[in-house]
Amino acid sequence: MSDIEVDILVPNQTRYLSLIGSIGEAIGRELDRYQGDREALAYHLNLVLTEALANAIRHAHCADVHKTVRVEIHVDPDCLCIKVHDQGQGFDLKALPEMPPDPCFEHGRGLFLIRCLMDEVEYQRGVDGNVLVMKKRLG
Amino acid sequence: MSDIEVDILVPNQTRYLSLIGSIGEAIGRELDRYQGDREALAYHLNLVLTEALANAIRHAHCADVHKTVRVEIHVDPDCLCIKVHDQGQGFDLKALPEMPPDPCFEHGRGLFLIRCLMDEVEYQRGVDGNVLVMKKRLG
Amino acid sequence: MQVEIEKHPEWMIVRLGEPRVDAHNSDALKERFQKLLESGEKRLLVDLSQVRFIDSSGLGALLSGYKNANLHQGTLALAGLQPRVKEMFELTRLNRVFEVYSSVDEAIGKQS
Amino acid sequence: MQVEIEKHPEWMIVRLGEPRVDAHNSDALKERFQKLLESGEKRLLVDLSQVRFIDSSGLGALLSGYKNANLHQGTLALAGLQPRVKEMFELTRLNRVFEVYSSVDEAIGKQS
Ligand SMILES: Nc1ncnc2c1ncn2[C@@H]1O[C@H](COP(=O)(O)OP(=O)(O)O)[C@@H](O)[C@H]1O
Ligand SMILES: Nc1ncnc2c1ncn2[C@@H]1O[C@H](COP(=O)(O)OP(=O)(O)O)[C@@H](O)[C@H]1O
């Protein structure tokens, strides 16, 4: 069990992005165990939650408003871990380029930003659903 | 199932009051279904979470830092419900006076404030633990 | 509890430097008042202008300082309450107990 | 997406009135740019000073406006980026694409 566990279920609608992002921001801002810039951490958690949730809502759940997205935020003494679950067809994270997309593309910067701002990012596919796991070291 | 469900586990330590309070505040501020003053709602949710959690930590769990407190925040279209669980000896909420305590007492204003700011407050005692249930109508 | 102390002819100004006073830091605040009163200060003016959140134990710490000041033939007054903090005093009717100034400047009689 | 439009000799200023641009409102912003360009505006200056949060789809909407402006022989420039918003442009290297002014006043050549 982690030190702090926050488990969230939210309808599959982009109007809730700001709610979940703000919860992440509140956690970042209050995380007194983090030695770095807590305001920056707060913003970055807001961003990665927003990006990952938007992907689950649109790419995995095809914007079906009757579906639900589950988000977990676990905090241990030296690591913060965010999991965003989806029940979609999945995708291959390793196949995505590590570089920022060419300026002529309007899309494709979500996972790039997540990788920039988090220390470890993994996408696990499973029969019961998939999960994007994003970790940030706090120590 | 509620529309939005946030389920939190946190160590039994007062240093986490601000974290949980801020999560409640973030939810209040982003709750676009609430017709009233959202900044006020945000502050009030921060307050009732802080009061209820502090009671669980100190009165029910006797400040034992190895225990854990569970908090649930559920949002339905017309109601926000907060549950704060404890594994203590319990107490009789109905026996507490409805009036603000006399100014000569330093304690005893937590549940008074919770009752002022929420629409329904109940304390349910059980064999597996107790729960303070606080509801706020959103409609 | 971060606190700044400033001596004025009429008041000892106690400036709370934290945005939040709750059950986590209210005991420290209470002790701080006690120490100041024991060291002979009689007129404490608590500047709450940086406090954006206060819970019932924060109110309790201020009340404890107030009662303690009275025991020492002194007083403890408040200044600079933000609107939501003020609401907490009003709901609990503690606004009737404390002498409350809109700002430190008002309390020490400066034009603002 | 709340937007205020203000005509200046050199620019059509598009002031975004929401603190957050994300996948929930970025499509509306994109359409707004499209309408302005279709109605004959050529030089859009987007004032981001009130935006404290932007995600990748917000960046995408601005990029869409920029490309569209180019197609119309016009341009789309940015002004008033808050530090964290600026960081998002830097990480994605989009700061090299847009003409960026520190403020609207700077862009329209006023002394500030
Ligand atoms: N949860 C997901 N389920 C299915 N596909 C996804 C998911 N997340 C991302 N993808 C795929 O990865 C691509 C890149 O995602 P991202 O970098 O966030 O950019 P964007 O969402 O703007 O396309 C998406 O276009 C989509 O094809
Ligand atoms: N979760 C709880 N478990 C046991 N007793 C409680 C709990 N919550 C409140 N109480 C009892 O109710 C009393 C009043 O609580 P409250 O109004 O919050 O004031 P205070 O905590 O300042 O005493 C407490 O002193 C305590 O005896």
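A note on names: the letters A, B, ... follow the listed sequences, proteins ahead of strands, and every chain is numbered from 1.
- Using a 4.5 Å cut-off between non-hydrogen atoms, the part of residues 22-57 of chain B that approaches chain A consists of B:Ser22, B:Ile23, B:Ala26, B:Ile27, B:Glu30, B:Asp32, B:Arg33.
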Original post:
Is there a side chain to side chain contact (heavy atoms under 4.5 Å, CB included) between A:Cys79 and A:Leu138 once you walk through the steps?
Top reply: CA-CA 5 Å; A:Cys79 185; A:Leu138 300 176; 5.5 Å; no
**OP:** Go through A:Val6 and B:Ile8 one step at a time and tell me if the side chain to side chain contact (heavy atoms under 4.5 Å, CB included) criterion holds.
**Re:** CA-CA 4 Å; A:Val6 181; B:Ile8 307 167; 4.1 Å; yes
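- Atom CD of B:Glu5 and atom CG of B:Asp76 lie 8.5 Å apart (nearest 0.5 Å).
- The closest side-chain heavy-atom distance from B:Gln124 to B:Val133 is below 4.5 Å.
- Here the straight-line distance linking atom CD1 of A:Ile73 with atom OG of A:Ser2 works out to 12.0 Å at 0.5 Å rounding.
- Contact check for A:Tyr16 versus B:Asp3: side-chain heavy atoms found under the 4.5 Å cut-off.
- For the pair A:Val131/A:Tyr123, no side-chain contact is recorded, criterion being any heavy-atom separation below 4.5 Å from C-beta on.
- Counting only heavy atoms from C-beta outward, the side chains of B:Ile4 and B:His74 never approach each other to under 4.5 Å.
- Salt bridge present: B:Asp7 and B:Arg70 bring a charged side-chain N and a carboxylate O closer than 4.0 Å.
- Near-neighbour residues of residues 83-122 of chain B relative to chain A, defined by a heavy atom under 4.5 Å from a heavy atom of that chain, are none.
- Looking at B:Thr68, the atoms closer than 4.5 Å to chain A (heavy atoms on both sides) all sit in the side chain, from C-beta outward.
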**OP:** Check step by step if side chain to side chain contact (heavy atoms under 4.5 Å, CB included) holds for A:His61 and A:Val69.
**Re:** CA-CA 9 Å; A:His61 298 165; A:Val69 189; 3.9 Å; yes
